[in-house]
2 protein chains.
Amino acid sequence: MRKSLSSFQFLETFFIGSRFVLSDIEGEHGMYKTLIEHIQNHIKLSDQSASRLVDYFESKEINKKEYLLKAGAISRFEYFIVRGCLRVFVIDAKGVENNIRFGTENWWIGDFTSFLKKEPASYFIQAIEKTEVLLINRIKWDRLFSEIPEIAFYFHIMFQNAALGQQSKIAQHISYTPEQRYQDLIEKRPELLQRVPQKYIASYLGITPEFLSMIRKKISTS
Amino acid sequence: MRKSLSSFQFLETFFIGSRFVLSDIEGEHGMYKTLIEHIQNHIKLSDQSASRLVDYFESKEINKKEYLLKAGAISRFEYFIVRGCLRVFVIDAKGVENNIRFGTENWWIGDFTSFLKKEPASYFIQAIEKTEVLLINRIKWDRLFSEIPEIAFYFHIMFQNAALGQQSKIAQHISYTPEQRYQDLIEKRPELLQRVPQKYIASYLGITPEFLSMIRKKISTS
DNA sequence: AAAAAAAATTAAAATATTTTAAGAAATCAG
DNA sequence: CTGATTTCTTAAAATATTTTAATTTTTTTT
(Lines give C-alpha, C1' and ligand atoms only; values in the text may rest on other atoms or scores of the structure.)
Protein backbone atom coordinates (compact mmCIF):
# COMPACT_ATOMS: atom_id res chain seq x y z
CA MET A 1 0.00 0.00 0.00
CA ARG A 2 1.61 3.23 -1.09
CA LYS A 3 1.47 6.33 0.97
CA SER A 4 0.08 9.27 -0.96
CA LEU A 5 1.90 12.56 -0.62
CA SER A 6 -0.37 15.25 0.70
CA SER A 7 -0.61 18.54 -1.13
CA PHE A 8 1.36 20.05 1.70
CA GLN A 9 4.21 17.61 1.40
CA PHE A 10 4.57 18.07 -2.31
CA LEU A 11 4.60 21.80 -1.85
CA GLU A 12 7.34 21.58 0.70
CA THR A 13 9.39 19.57 -1.70
CA PHE A 14 8.55 22.09 -4.38
CA PHE A 15 9.70 25.13 -2.53
CA ILE A 16 12.64 23.71 -0.71
CA GLY A 17 13.74 22.20 -3.97
CA SER A 18 15.77 19.36 -2.55
CA ARG A 19 18.07 17.66 -5.00
CA PHE A 20 19.25 14.07 -4.89
CA VAL A 21 22.48 12.94 -6.41
CA LEU A 22 22.41 10.06 -8.81
CA SER A 23 25.30 7.72 -9.17
CA ASP A 24 23.88 4.85 -11.17
CA ILE A 25 22.58 6.66 -14.24
CA GLU A 26 25.77 7.55 -16.05
CA GLY A 27 27.65 7.07 -19.28
CA GLU A 28 25.44 6.30 -22.26
CA HIS A 29 22.38 7.33 -20.28
CA GLY A 30 23.65 10.86 -19.66
CA MET A 31 20.61 12.47 -21.20
CA TYR A 32 18.33 10.76 -18.73
CA LYS A 33 20.33 12.32 -15.95
CA THR A 34 19.14 15.75 -17.04
CA LEU A 35 15.51 14.69 -16.85
CA ILE A 36 15.93 12.86 -13.57
CA GLU A 37 17.65 15.81 -11.96
CA HIS A 38 14.88 18.07 -13.16
CA ILE A 39 12.26 15.80 -11.65
CA GLN A 40 14.16 15.48 -8.41
CA ASN A 41 14.43 19.25 -8.21
CA HIS A 42 10.66 19.29 -7.87
CA ILE A 43 9.61 16.11 -6.07
CA LYS A 44 11.15 13.32 -4.10
CA LEU A 45 11.85 10.39 -6.39
CA SER A 46 13.85 7.38 -5.24
CA ASP A 47 16.94 6.56 -7.24
CA GLN A 48 15.34 3.22 -7.86
CA SER A 49 12.23 4.75 -9.47
CA ALA A 50 14.49 7.15 -11.30
CA SER A 51 16.44 4.35 -12.90
CA ARG A 52 13.20 2.88 -14.21
CA LEU A 53 12.47 6.05 -16.20
CA VAL A 54 14.91 4.86 -18.83
CA ASP A 55 12.27 2.37 -19.97
CA TYR A 56 9.68 5.02 -20.73
CA PHE A 57 11.60 7.56 -22.77
CA GLU A 58 13.49 7.40 -26.02
CA SER A 59 16.01 9.95 -27.12
CA LYS A 60 16.14 11.75 -30.41
CA GLU A 61 18.40 14.33 -31.95
CA ILE A 62 17.12 16.80 -34.48
CA ASN A 63 19.08 19.24 -36.57
CA LYS A 64 18.55 22.93 -36.93
CA LYS A 65 15.43 23.74 -38.97
CA GLU A 66 14.04 20.23 -38.61
CA TYR A 67 10.52 19.77 -37.24
CA LEU A 68 9.42 17.77 -34.25
CA LEU A 69 5.78 18.42 -35.07
CA LYS A 70 3.76 20.06 -37.81
CA ALA A 71 0.24 21.43 -37.40
CA GLY A 72 -2.35 19.06 -38.79
CA ALA A 73 -0.51 15.94 -37.72
CA ILE A 74 -1.42 14.17 -34.51
CA SER A 75 1.16 14.69 -31.84
CA ARG A 76 2.21 11.22 -30.75
CA PHE A 77 4.79 12.35 -28.18
CA GLU A 78 5.59 14.78 -25.43
CA TYR A 79 9.15 16.06 -25.47
CA PHE A 80 11.66 17.00 -22.80
CA ILE A 81 14.54 19.14 -24.03
CA VAL A 82 17.89 17.83 -22.83
CA ARG A 83 20.00 20.20 -24.90
CA GLY A 84 19.23 22.77 -27.58
CA CYS A 85 16.51 25.23 -28.45
CA LEU A 86 13.09 24.88 -30.10
CA ARG A 87 10.41 27.28 -31.18
CA VAL A 88 6.67 26.71 -31.11
CA PHE A 89 4.64 28.64 -33.64
CA VAL A 90 1.26 28.78 -35.32
CA ILE A 91 0.47 29.92 -38.83
CA ASP A 92 -2.40 32.38 -38.90
CA ALA A 93 -5.12 33.02 -41.46
CA LYS A 94 -2.80 35.25 -43.48
CA GLY A 95 -0.12 32.56 -43.63
CA VAL A 96 2.13 34.36 -41.18
CA GLU A 97 4.16 32.45 -38.58
CA ASN A 98 3.54 33.53 -35.00
CA ASN A 99 6.03 32.32 -32.42
CA ILE A 100 4.40 31.67 -29.11
CA ARG A 101 7.06 29.91 -27.07
CA PHE A 102 10.74 29.05 -27.01
CA GLY A 103 11.91 25.90 -25.28
CA THR A 104 15.43 25.39 -24.02
CA GLU A 105 17.13 22.93 -21.68
CA ASN A 106 14.74 21.38 -19.13
CA TRP A 107 11.57 22.53 -20.85
CA TRP A 108 8.69 20.27 -21.76
CA ILE A 109 7.38 20.90 -25.23
CA GLY A 110 4.54 19.45 -27.24
CA ASP A 111 0.98 20.01 -28.34
CA PHE A 112 -0.60 18.56 -25.27
CA THR A 113 -4.17 18.84 -26.49
CA SER A 114 -3.30 16.89 -29.62
CA PHE A 115 -1.34 14.36 -27.58
CA LEU A 116 -4.22 13.74 -25.18
CA LYS A 117 -7.20 13.86 -27.48
CA LYS A 118 -5.45 12.49 -30.58
CA GLU A 119 -6.63 15.56 -32.47
CA PRO A 120 -4.66 17.29 -35.23
CA ALA A 121 -2.07 19.60 -33.72
CA SER A 122 -2.31 23.39 -34.02
CA TYR A 123 1.36 24.02 -33.41
CA PHE A 124 4.56 23.65 -35.32
CA ILE A 125 7.67 22.77 -33.32
CA GLN A 126 10.97 23.41 -35.03
CA ALA A 127 14.59 23.28 -33.90
CA ILE A 128 16.44 26.59 -33.79
CA GLU A 129 19.69 24.77 -33.12
CA LYS A 130 20.74 21.12 -33.01
CA THR A 131 18.60 19.73 -30.21
CA GLU A 132 18.42 16.57 -28.15
CA VAL A 133 15.08 15.54 -26.69
CA LEU A 134 13.64 12.70 -24.69
CA LEU A 135 10.25 11.63 -25.92
CA ILE A 136 7.45 9.55 -24.53
CA ASN A 137 4.47 8.13 -26.38
CA ARG A 138 0.91 8.05 -25.15
CA ILE A 139 0.87 4.41 -24.10
CA LYS A 140 4.00 4.76 -22.00
CA TRP A 141 2.75 8.08 -20.66
CA ASP A 142 -0.31 6.37 -19.21
CA ARG A 143 1.80 3.51 -17.95
CA LEU A 144 4.22 5.95 -16.34
CA PHE A 145 1.46 7.52 -14.24
CA SER A 146 0.15 4.21 -12.95
CA GLU A 147 3.52 2.54 -12.44
CA ILE A 148 5.46 5.44 -10.92
CA PRO A 149 2.68 7.40 -9.21
CA GLU A 150 5.00 9.99 -7.64
CA ILE A 151 5.49 11.31 -11.16
CA ALA A 152 1.93 12.60 -11.14
CA PHE A 153 3.03 15.21 -8.60
CA TYR A 154 5.86 16.30 -10.82
CA PHE A 155 3.49 16.90 -13.72
CA HIS A 156 1.00 18.49 -11.39
CA ILE A 157 3.69 21.04 -10.58
CA MET A 158 4.62 21.43 -14.24
CA PHE A 159 1.02 22.17 -15.20
CA GLN A 160 0.52 24.43 -12.26
CA ASN A 161 3.63 26.41 -13.13
CA ALA A 162 2.57 26.56 -16.73
CA ALA A 163 -0.86 27.84 -15.75
CA LEU A 164 0.56 30.44 -13.37
CA GLY A 165 3.34 31.54 -15.70
CA GLN A 166 1.00 31.93 -18.61
CA GLN A 167 -1.50 33.79 -16.50
CA SER A 168 1.06 36.46 -15.70
CA LYS A 169 2.29 36.42 -19.28
CA ILE A 170 -1.21 37.29 -20.45
CA ALA A 171 -1.36 40.07 -17.90
CA GLN A 172 1.91 41.42 -19.23
CA HIS A 173 0.94 41.21 -22.84
CA ILE A 174 -2.10 43.30 -22.12
CA SER A 175 -0.57 45.90 -19.87
CA TYR A 176 2.98 46.28 -21.20
CA THR A 177 4.12 48.14 -24.30
CA PRO A 178 6.27 46.21 -26.78
CA GLU A 179 9.34 47.95 -25.37
CA GLN A 180 8.46 46.86 -21.84
CA ARG A 181 7.88 43.30 -23.01
CA TYR A 182 11.29 43.30 -24.64
CA GLN A 183 12.93 44.62 -21.47
CA ASP A 184 11.16 41.93 -19.52
CA LEU A 185 12.45 39.25 -21.87
CA ILE A 186 16.00 40.57 -21.49
CA GLU A 187 15.59 40.20 -17.74
CA LYS A 188 13.88 36.84 -17.60
CA ARG A 189 15.47 34.90 -20.44
CA PRO A 190 18.58 36.76 -21.57
CA GLU A 191 20.05 33.64 -23.16
CA LEU A 192 17.28 33.62 -25.75
CA LEU A 193 18.55 36.83 -27.29
CA GLN A 194 21.79 35.05 -28.11
CA ARG A 195 20.21 31.87 -29.40
CA VAL A 196 17.06 32.96 -31.18
CA PRO A 197 16.98 35.04 -34.41
CA GLN A 198 15.52 38.47 -33.86
CA LYS A 199 12.72 37.98 -36.31
CA TYR A 200 11.41 35.19 -34.10
CA ILE A 201 11.81 37.31 -30.99
CA ALA A 202 9.90 40.12 -32.70
CA SER A 203 7.07 37.77 -33.56
CA TYR A 204 7.04 36.48 -29.98
CA LEU A 205 6.74 40.06 -28.73
CA GLY A 206 3.93 40.70 -31.19
CA ILE A 207 5.76 43.27 -33.32
CA THR A 208 7.57 43.43 -36.65
CA PRO A 209 11.34 42.84 -36.91
CA GLU A 210 11.74 46.42 -38.12
CA PHE A 211 10.06 47.80 -35.05
CA LEU A 212 12.15 45.59 -32.78
CA SER A 213 15.21 47.05 -34.47
CA MET A 214 14.02 50.54 -33.63
CA ILE A 215 13.39 49.57 -30.01
CA ARG A 216 16.85 48.04 -29.70
CA LYS A 217 18.44 51.12 -31.18
CA LYS A 218 16.49 53.36 -28.85
CA ILE A 219 17.47 51.31 -25.80
CA SER A 220 21.16 51.13 -26.71
CA THR A 221 21.43 54.90 -27.14
CA SER A 222 19.84 55.81 -23.83
CA MET B 1 -6.54 0.41 0.54
CA ARG B 2 -7.76 2.82 -2.09
CA LYS B 3 -7.36 2.17 -5.74
CA SER B 4 -5.58 4.95 -7.55
CA LEU B 5 -7.10 6.10 -10.83
CA SER B 6 -4.65 5.76 -13.68
CA SER B 7 -4.06 8.71 -15.94
CA PHE B 8 -5.97 6.85 -18.59
CA GLN B 9 -8.98 6.35 -16.40
CA PHE B 10 -9.17 9.93 -15.34
CA LEU B 11 -8.91 11.05 -18.93
CA GLU B 12 -11.74 8.79 -19.94
CA THR B 13 -13.87 10.29 -17.26
CA PHE B 14 -12.75 13.70 -18.43
CA PHE B 15 -13.70 13.32 -22.04
CA ILE B 16 -16.80 11.26 -21.67
CA GLY B 17 -17.91 13.76 -19.09
CA SER B 18 -20.16 11.47 -17.12
CA ARG B 19 -22.48 13.21 -14.71
CA PHE B 20 -23.94 11.78 -11.52
CA VAL B 21 -27.13 12.92 -10.02
CA LEU B 22 -27.16 14.00 -6.43
CA SER B 23 -30.19 13.59 -4.31
CA ASP B 24 -28.95 14.15 -0.80
CA ILE B 25 -27.39 17.62 -1.10
CA GLU B 26 -30.43 19.84 -1.31
CA GLY B 27 -32.19 22.72 0.32
CA GLU B 28 -29.94 25.00 2.29
CA HIS B 29 -26.89 23.40 0.70
CA GLY B 30 -27.96 24.29 -2.84
CA MET B 31 -24.76 26.17 -3.56
CA TYR B 32 -22.71 23.09 -2.87
CA LYS B 33 -24.71 21.28 -5.51
CA THR B 34 -23.26 23.57 -8.16
CA LEU B 35 -19.70 22.74 -7.10
CA ILE B 36 -20.38 19.04 -6.74
CA GLU B 37 -21.97 18.84 -10.16
CA HIS B 38 -19.02 20.65 -11.63
CA ILE B 39 -16.61 18.22 -10.04
CA GLN B 40 -18.68 15.23 -11.13
CA ASN B 41 -18.69 16.55 -14.67
CA HIS B 42 -14.95 16.02 -14.68
CA ILE B 43 -14.20 13.05 -12.44
CA LYS B 44 -15.97 10.22 -10.71
CA LEU B 45 -16.78 11.22 -7.17
CA SER B 46 -18.99 9.11 -4.96
CA ASP B 47 -22.06 10.81 -3.52
CA GLN B 48 -20.62 9.95 -0.14
CA SER B 49 -17.38 11.84 -0.79
CA ALA B 50 -19.41 14.61 -2.36
CA SER B 51 -21.46 15.09 0.77
CA ARG B 52 -18.27 15.53 2.81
CA LEU B 53 -17.27 18.53 0.70
CA VAL B 54 -19.66 20.64 2.73
CA ASP B 55 -17.13 20.54 5.56
CA TYR B 56 -14.34 22.11 3.54
CA PHE B 57 -16.02 25.11 1.96
CA GLU B 58 -17.77 28.14 3.31
CA SER B 59 -20.08 30.32 1.31
CA LYS B 60 -19.95 34.06 0.95
CA GLU B 61 -21.99 36.62 -0.89
CA ILE B 62 -20.45 39.86 -2.10
CA ASN B 63 -22.17 42.84 -3.56
CA LYS B 64 -21.41 44.60 -6.80
CA LYS B 65 -18.15 46.59 -6.58
CA GLU B 66 -16.98 44.79 -3.46
CA TYR B 67 -13.59 43.14 -3.44
CA LEU B 68 -12.72 39.53 -2.77
CA LEU B 69 -9.01 40.33 -2.89
CA LYS B 70 -6.78 43.35 -3.20
CA ALA B 71 -3.22 43.30 -4.49
CA GLY B 72 -0.72 43.48 -1.66
CA ALA B 73 -2.78 41.36 0.70
CA ILE B 74 -2.11 37.68 1.11
CA SER B 75 -4.76 35.60 -0.55
CA ARG B 76 -6.08 33.29 2.16
CA PHE B 77 -8.69 31.54 0.00
CA GLU B 78 -9.45 30.03 -3.34
CA TYR B 79 -12.93 30.80 -4.67
CA PHE B 80 -15.47 28.87 -6.69
CA ILE B 81 -18.15 31.02 -8.27
CA VAL B 82 -21.61 29.63 -7.69
CA ARG B 83 -23.50 32.59 -9.14
CA GLY B 84 -22.46 36.00 -10.38
CA CYS B 85 -19.56 37.61 -12.17
CA LEU B 86 -16.13 38.78 -11.06
CA ARG B 87 -13.25 40.53 -12.72
CA VAL B 88 -9.55 40.00 -12.09
CA PHE B 89 -7.30 42.95 -12.77
CA VAL B 90 -3.86 44.33 -12.11
CA ILE B 91 -2.85 47.94 -11.73
CA ASP B 92 0.17 48.80 -13.85
CA ALA B 93 3.02 51.23 -13.29
CA LYS B 94 0.93 54.13 -14.63
CA GLY B 95 -1.89 53.36 -12.22
CA VAL B 96 -4.11 51.96 -14.93
CA GLU B 97 -6.37 48.96 -14.28
CA ASN B 98 -5.84 46.05 -16.66
CA ASN B 99 -8.52 43.37 -16.66
CA ILE B 100 -7.06 39.97 -17.33
CA ARG B 101 -9.89 37.57 -16.63
CA PHE B 102 -13.62 37.41 -16.02
CA GLY B 103 -15.06 34.66 -13.87
CA THR B 104 -18.67 33.54 -14.03
CA GLU B 105 -20.61 30.52 -12.79
CA ASN B 106 -18.44 27.42 -12.28
CA TRP B 107 -15.13 29.26 -12.52
CA TRP B 108 -12.36 29.02 -9.98
CA ILE B 109 -10.87 32.37 -9.12
CA GLY B 110 -8.06 33.48 -6.89
CA ASP B 111 -4.42 34.47 -6.81
CA PHE B 112 -3.07 30.98 -6.63
CA THR B 113 0.56 32.00 -6.25
CA SER B 114 -0.29 34.15 -3.27
CA PHE B 115 -2.49 31.41 -1.82
CA LEU B 116 0.24 28.77 -2.09
CA LYS B 117 3.31 30.74 -1.19
CA LYS B 118 1.64 33.16 1.23
CA GLU B 119 3.08 36.03 -0.77
CA PRO B 120 1.35 39.37 -1.35
CA ALA B 121 -1.16 39.05 -4.18
CA SER B 122 -0.68 40.79 -7.51
CA TYR B 123 -4.33 40.73 -8.49
CA PHE B 124 -7.48 42.54 -7.51
CA ILE B 125 -10.70 40.56 -7.62
CA GLN B 126 -13.89 42.58 -7.67
CA ALA B 127 -17.55 41.72 -8.16
CA ILE B 128 -19.20 43.03 -11.30
CA GLU B 129 -22.59 41.90 -10.03
CA LYS B 130 -23.85 40.41 -6.78
CA THR B 131 -21.91 37.19 -6.52
CA GLU B 132 -22.03 34.03 -4.45
CA VAL B 133 -18.82 32.08 -3.94
CA LEU B 134 -17.66 29.03 -2.07
CA LEU B 135 -14.28 29.52 -0.48
CA ILE B 136 -11.68 27.25 0.99
CA ASN B 137 -8.70 28.19 3.13
CA ARG B 138 -5.23 26.82 2.88
CA ILE B 139 -5.47 24.41 5.79
CA LYS B 140 -8.66 22.82 4.52
CA TRP B 141 -7.25 22.83 1.00
CA ASP B 142 -4.38 20.64 2.13
CA ARG B 143 -6.69 18.47 4.16
CA LEU B 144 -9.03 18.10 1.19
CA PHE B 145 -6.28 16.63 -0.95
CA SER B 146 -5.23 14.06 1.59
CA GLU B 147 -8.72 13.15 2.79
CA ILE B 148 -10.54 13.02 -0.55
CA PRO B 149 -7.74 12.05 -2.91
CA GLU B 150 -9.93 11.79 -6.02
CA ILE B 151 -10.17 15.56 -5.83
CA ALA B 152 -6.54 15.81 -6.87
CA PHE B 153 -7.58 14.58 -10.31
CA TYR B 154 -10.23 17.23 -10.55
CA PHE B 155 -7.71 19.98 -9.84
CA HIS B 156 -5.21 18.32 -12.11
CA ILE B 157 -7.76 18.77 -14.88
CA MET B 158 -8.51 22.33 -13.83
CA PHE B 159 -4.82 23.27 -13.97
CA GLN B 160 -4.30 21.45 -17.17
CA ASN B 161 -7.24 23.21 -18.79
CA ALA B 162 -6.02 26.52 -17.43
CA ALA B 163 -2.56 25.90 -18.84
CA LEU B 164 -3.91 24.86 -22.23
CA GLY B 165 -6.53 27.59 -22.43
CA GLN B 166 -4.06 30.27 -21.50
CA GLN B 167 -1.53 28.93 -23.95
CA SER B 168 -3.96 29.38 -26.80
CA LYS B 169 -5.03 32.75 -25.43
CA ILE B 170 -1.45 33.95 -25.61
CA ALA B 171 -1.19 32.67 -29.16
CA GLN B 172 -4.33 34.61 -30.02
CA HIS B 173 -3.23 37.77 -28.38
CA ILE B 174 -0.09 37.75 -30.48
CA SER B 175 -1.58 36.77 -33.80
CA TYR B 176 -5.03 38.38 -33.76
CA THR B 177 -5.93 42.01 -34.31
CA PRO B 178 -8.10 43.66 -31.65
CA GLU B 179 -11.10 43.25 -33.93
CA GLN B 180 -10.45 39.52 -34.30
CA ARG B 181 -10.04 39.17 -30.55
CA TYR B 182 -13.40 40.88 -30.05
CA GLN B 183 -15.06 38.59 -32.59
CA ASP B 184 -13.53 35.64 -30.80
CA LEU B 185 -14.90 36.82 -27.47
CA ILE B 186 -18.38 37.20 -28.99
CA GLU B 187 -18.14 33.60 -30.12
CA LYS B 188 -16.65 32.04 -27.01
CA ARG B 189 -18.25 33.98 -24.18
CA PRO B 190 -21.18 35.94 -25.57
CA GLU B 191 -22.79 36.28 -22.14
CA LEU B 192 -19.92 38.47 -20.97
CA LEU B 193 -20.92 41.23 -23.39
CA GLN B 194 -24.23 41.47 -21.55
CA ARG B 195 -22.80 41.31 -18.06
CA VAL B 196 -19.52 43.20 -18.22
CA PRO B 197 -19.19 46.96 -18.83
CA GLN B 198 -17.53 47.71 -22.15
CA LYS B 199 -14.67 49.59 -20.62
CA TYR B 200 -13.61 46.38 -18.87
CA ILE B 201 -14.01 44.39 -22.06
CA ALA B 202 -11.86 46.93 -23.88
CA SER B 203 -9.16 46.63 -21.27
CA TYR B 204 -9.37 42.84 -21.50
CA LEU B 205 -8.89 43.06 -25.26
CA GLY B 206 -5.94 45.39 -24.75
CA ILE B 207 -7.50 48.47 -26.33
CA THR B 208 -9.16 51.72 -25.24
CA PRO B 209 -12.93 51.95 -24.79
CA GLU B 210 -13.05 54.51 -27.59
CA PHE B 211 -11.41 52.13 -30.00
CA LEU B 212 -13.74 49.32 -28.97
CA SER B 213 -16.63 51.64 -29.75
CA MET B 214 -15.25 52.15 -33.24
CA ILE B 215 -14.83 48.40 -33.75
CA ARG B 216 -18.39 47.75 -32.62
CA LYS B 217 -19.71 50.42 -34.95
CA LYS B 218 -17.71 49.01 -37.84
CA ILE B 219 -18.94 45.47 -37.20
CA SER B 220 -22.59 46.49 -36.85
CA THR B 221 -22.59 48.37 -40.17
CA SER B 222 -21.05 45.56 -42.22
C1' DA C 1 37.43 31.96 -49.28
C1' DA C 2 33.88 33.54 -52.36
C1' DA C 3 29.24 33.65 -53.73
C1' DA C 4 24.63 33.28 -52.41
C1' DA C 5 21.05 33.56 -49.20
C1' DA C 6 19.03 35.11 -45.07
C1' DA C 7 18.69 38.38 -41.38
C1' DA C 8 19.05 42.94 -39.47
C1' DT C 9 18.96 47.91 -39.98
C1' DT C 10 17.42 52.38 -41.65
C1' DA C 11 14.17 55.68 -43.33
C1' DA C 12 9.84 57.39 -45.43
C1' DA C 13 5.10 56.75 -46.18
C1' DA C 14 0.89 54.44 -44.77
C1' DT C 15 -2.12 52.61 -41.35
C1' DA C 16 -3.74 51.46 -36.70
C1' DT C 17 -4.50 52.94 -32.21
C1' DT C 18 -4.54 56.29 -28.54
C1' DT C 19 -5.48 60.68 -26.68
C1' DT C 20 -8.26 64.51 -26.00
C1' DA C 21 -12.52 66.69 -25.78
C1' DA C 22 -17.31 67.04 -26.00
C1' DG C 23 -22.04 65.42 -26.14
C1' DA C 24 -25.50 61.51 -25.64
C1' DA C 25 -27.10 57.58 -23.22
C1' DA C 26 -27.43 54.74 -19.37
C1' DT C 27 -27.12 53.86 -14.45
C1' DC C 28 -27.09 55.21 -9.62
C1' DA C 29 -28.33 57.52 -5.22
C1' DG C 30 -31.39 59.96 -2.68
C1' DC D 1 -38.77 60.19 -10.07
C1' DT D 2 -34.94 63.41 -10.67
C1' DG D 3 -30.48 65.15 -10.54
C1' DA D 4 -25.84 63.50 -10.35
C1' DT D 5 -22.54 60.34 -11.93
C1' DT D 6 -20.73 57.07 -14.82
C1' DT D 7 -20.42 54.89 -19.22
C1' DC D 8 -20.59 54.96 -24.14
C1' DT D 9 -20.07 57.22 -28.54
C1' DT D 10 -18.21 60.38 -31.94
C1' DA D 11 -14.68 62.98 -34.17
C1' DA D 12 -10.16 65.32 -34.78
C1' DA D 13 -5.44 65.50 -33.68
C1' DA D 14 -1.43 63.06 -31.93
C1' DT D 15 1.31 59.01 -31.46
C1' DA D 16 2.66 54.19 -32.16
C1' DT D 17 3.34 50.59 -35.25
C1' DT D 18 3.42 48.52 -39.76
C1' DT D 19 4.57 48.45 -44.49
C1' DT D 20 7.53 49.11 -48.18
C1' DA D 21 11.89 49.44 -50.08
C1' DA D 22 16.70 49.89 -50.18
C1' DT D 23 21.23 48.99 -47.84
C1' DT D 24 24.29 46.63 -44.70
C1' DT D 25 25.56 42.81 -41.99
C1' DT D 26 25.60 38.08 -40.89
C1' DT D 27 25.14 33.32 -41.93
C1' DT D 28 25.09 29.48 -45.02
C1' DT D 29 26.56 26.99 -48.96
C1' DT D 30 29.71 25.72 -52.25
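The figures here come from the full heavy-atom set of this structure, side chains too, leaving out hydrogens, waters and symmetry mates. Reminder, nothing fancy here: chain letters follow the sequence lines and each chain counts from 1. This one's a predicted model, so the numbers in the text were calculated from it and none came from an experiment.
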> Atom CE of B/Met214 to atom P of D/dA11: distance rounded to whole Å?
Replying inline: 9 Å
> D/dT27 P sits how many Å from A/Glu129 CD, rounded?
Replying inline: 14 Å
Between the protein and nucleotides 4-9 of chain C, which nitrogen or oxygen pairs come in under 3.5 angstrom?
unit_1: C/dA7; atom_1: OP1; unit_2: A/Lys199; atom_2: NZ; d: 3.1
unit_1: C/dA7; atom_1: OP2; unit_2: A/Lys199; atom_2: NZ; d: 2.6
unit_1: C/dA8; atom_1: OP1; unit_2: A/Gln198; atom_2: N; d: 2.7
unit_1: C/dA8; atom_1: OP2; unit_2: A/Lys199; atom_2: N; d: 3.0
unit_1: C/dT9; atom_1: OP2; unit_2: A/Gln198; atom_2: OE1; d: 2.7
unit_1: C/dT9; atom_1: OP2; unit_2: A/Ser213; atom_2: OG; d: 2.6
unit_1: C/dT9; atom_1: O5'; unit_2: A/Ser213; atom_2: OG; d: 3.1

>> Whole angstroms only, please: what is the NZ-C1' distance between A/Lys94 and D/dT19?
In response: 12 Å
> Taking atom C1' of D/dT17 as reference, at what distance in whole Å does atom CZ of B/Phe211 sit?
Replying inline: 12 Å
> Quick one: A/Ile174 CD1 to C/dT17 C1', roughly how many Å, whole number?
Replying inline: 16 Å
>> Return the pairing partner of C/dT17 with a 3.5 Å limit on both distances, Watson-Crick or G-U wobble; otherwise return none.
In response: D/dA14
>> Using whole Å, what does the distance between atom P of nucleotide C/dA16 and atom CD of B/Gln180 come to?
In response: 12 Å
>> If only side-chain N and O atoms count, and only distance matters, is there a donor-acceptor pair under 3.5 Å linking B/Asp111 with B/Ser75?
In response: no
> What's the CD1-P distance between B/Ile201 and D/dT9, to the nearest Å?
Replying inline: 12 Å
> Would A/Asp92 and B/Tyr176 satisfy side chain to side chain contact (heavy atoms under 4.5 Å, CB included), going step by step from the backbone distance to the final call?
Replying inline: CA-CA 8 Å; A/Asp92 67 20; B/Tyr176 285 21; 5.7 Å; no
>> Please find the pair of heavy atoms, one from A/Ile91 and one from A/Glu97, that lie closest to each other, and give the distance.
In response: CG1-CG, 4.2 Å
> B/Tyr200 ring centre to B/Arg87 NZ or CZ under 6.0 Å, with the angle to the axis within 45°?
Replying inline: yes
> Can the ring centroids of B/His38 and B/Phe80 be said to lie less than 6.0 angstrom from one another?
Replying inline: yes
>> Checking side-chain polar atoms at under 3.5 Å, does A/Tyr182 have a donor or acceptor matched by the opposite partner on A/Arg216?
In response: yes
>> Would you say A/Lys64 places a side-chain N or O within less than 4.0 Å of OP1 or OP2 belonging to D/dT28?
In response: yes
> Rounded to the nearest Å, what distance is computed from the CG atom of residue A/Asn98 to the C1' atom of nucleotide D/dT18?
Replying inline: 14 Å
